[in-house]
Amino acid sequence: MQNPPGHTRDELASSINVTPMVDVMLVLLIIFMVVTVSLPYTAQLPRTRTAAPAVEDRVTLAIDNQGAYWLDRARVAPPELPARLAAAYSARDGDHVLYLKAHHGVPYATVLTAVDAARDAGVRRLGVITEQARRN
């Protein structure tokens, strides 16, 4: 076996093997990604004298535990629901998203009645509002 040019038999030819380092870095990256997602994020926002609360400009339909409909915090009788939804979307150009918030014990038929009324009023997208499960 011949030695490379400029090297004698007693010298060691050293080269850096970065594969183990890359493996360790990838494992650390995965660990940090998993830990970061599982940590609850809380932020205390700064206070200012001129801050005004942001007004949410969206149509929200809520169904309480007794099956009553609430459109933007006003109670609506079931027969009036299609007309009230149509009126809510008449002034909205292209924004036909309804946010639905229903009590978990409401019968499926009650929710489906609301969805049908929304479709009749021209709603094309439905967003469902849920609450995050509480950890014990």
Side-chain angles (χ1 to χ4, degrees):
M1 177 190 236
Q2 288 186 335
N3 291 331
H7 291 282
T8 64
R9 185 169 172 78
D10 295 333
E11 287 184 27
L12 293 174
S14 62
S15 62
I16 298 174
N17 187 1
V18 295
T19 304
M21 183 183 71
V22 170
D23 290 344
V24 170
M25 296 305 284
L26 287 174
V27 169
L28 288 174
L29 177 66
I30 292 170
I31 289 171
F32 286 131
M33 287 171 41
V34 169
V35 169
T36 302
V37 170
S38 64
L39 290 177
Y41 176 76
T42 57
Q44 185 174 359
L45 299 177
R47 297 181 187 269
T48 62
R49 289 179 286 141
T50 59
V55 178
E56 292 186 12
D57 186 28
R58 65 182 186 190
V59 179
T60 304
L61 177 64
I63 305 172
D64 65 13
N65 59 348
Q66 293 150 2
Y69 299 108
W70 296 81
L71 185 61
D72 294 331
R73 299 183 184 196
R75 190 170 181 160
V76 178
E80 299 174 0
L81 188 59
R84 293 283 300 273
L85 283 169
Y89 286 104
S90 65
R92 295 176 171 270
D93 185 32
D95 178 22
H96 294 283
V97 180
L98 175 68
Y99 293 91
L100 180 65
K101 184 179 186 179
H103 187 271
H104 66 86
V106 174
Y108 183 69
T110 305
V111 176
L112 203 54
T113 301
V115 171
D116 285 341
R119 295 285 182 212
D120 291 341
V123 172
R124 297 296 163 242
R125 293 177 52 200
L126 183 70
V128 180
I129 300 173
T130 62
E131 290 182 357
Q132 184 176 4
R134 295 184 181 139
R135 295 180 184 175
N136 292 333

Q: Could you check whether any side-chain N or O of Arg84 sits under 3.5 Å from a backbone N or O of Val76, counting only pairs where one atom can act as donor and the other as acceptor?
A: no
Q: Of the non-hydrogen atoms in Arg119 and Arg125, which two are nearest, and what is the gap between them?
A: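 Closest pair (atom of Arg119, atom of Arg125, distance): NH1-N, 4.1 Å.
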Q: Do you reckon Leu126 sits in the same ILVMFWY cluster as Tyr89, going by side-chain contacts under 4.5 Å, direct or chained?
A: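 Yes: a chain of side-chain contacts under 4.5 Å links Leu126 to Tyr89.
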Q: Are Val123 and Val115 packed together at the side-chain level, in the sense that at least one heavy-atom pair is separated by less than 4.5 angstrom?
A: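 They are not in contact (no side-chain heavy atoms under 4.5 Å apart), so the answer is no.
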Q: Does the side chain of Tyr69 come within less than 4.5 Å of Thr113's, by heavy atoms?
A: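 Yes, close enough: below the 4.5 Å cut-off.
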Q: Distance check, rounded to the nearest 0.5 Å: His103 atom NE2 versus Gln66 atom CD?
A: 9.5 Å
Q: Can you check whether Thr110 reaches Tyr108 side chain to side chain, under 4.5 Å on heavy atoms?
A: no
Q: Which residues satisfy the side-chain hydrogen bond (donor to acceptor under 3.5 Å, both in side chains) test with Asp64, sequence neighbours excluded?
A: Trp70
Q: Tell me the closest heavy-atom pair linking Ala68 and Arg75, and the distance in Å.
A: CB-NH2, 3.3 Å
Q: Between Val106 and Asn65, is there a side-chain heavy-atom distance shorter than 4.5 Å?
A: no
Q: Measure the shortest side-chain to side-chain distance between Val18 and Ile16 over non-hydrogen atoms and say whether it is less than 4.5 angstrom.
A: yes
Q: Say whether Val97 and Leu100 are linked into one hydrophobic cluster, either directly or through other cluster members, by side-chain heavy-atom distances under 4.5 angstrom.
A: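 Different clusters.
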Q: From Ile31 CD1 over to Leu29 CG, what is the distance, rounded to the nearest 0.5 angstrom?
A: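 Ile31 CD1 to Leu29 CG: 9.5 Å, rounded to 0.5 Å.
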Q: Find the distance between CD1 (Ile63) and CG (Leu71) and round it off to the nearest 0.5 Å.
A: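 So the gap between those two atoms works out to 11.0 Å.
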Q: If I take atom CE from residue Met33 and atom CG from residue Leu28, how far apart are they, to the nearest 0.5 angstrom?
A: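 Nearest 0.5 Å value for the CE-CG distance: 12.5 Å.
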Q: Output the distance between atom CG (Leu81) and atom CG (Leu61), rounded to the nearest 0.5 Å.
A: 5.5 Å
Q: Work out which heavy atom in Ala117 is nearest to a heavy atom in Pro82; give both atom names and the distance.
A: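 Distance-wise, the nearest heavy atoms are CB-CG, 3.9 Å.
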Q: Hydrophobic clustering (ILVMFWY, side-chain heavy atoms < 4.5 Å, transitive) - are Leu112 and Leu85 grouped together?
A: no
Q: What is the distance from atom NZ of Lys101 to atom OG1 of Thr60, rounded to the nearest 0.5 Å?
A: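 Atom-to-atom, Lys101:NZ and Thr60:OG1 are 8.0 Å apart.
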Q: Are Ile129 and Val111 grouped together when hydrophobic residues (ILVMFWY) are joined by side-chain heavy atoms under 4.5 angstrom apart?
A: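 Cluster IDs for Ile129 and Val111 differ.
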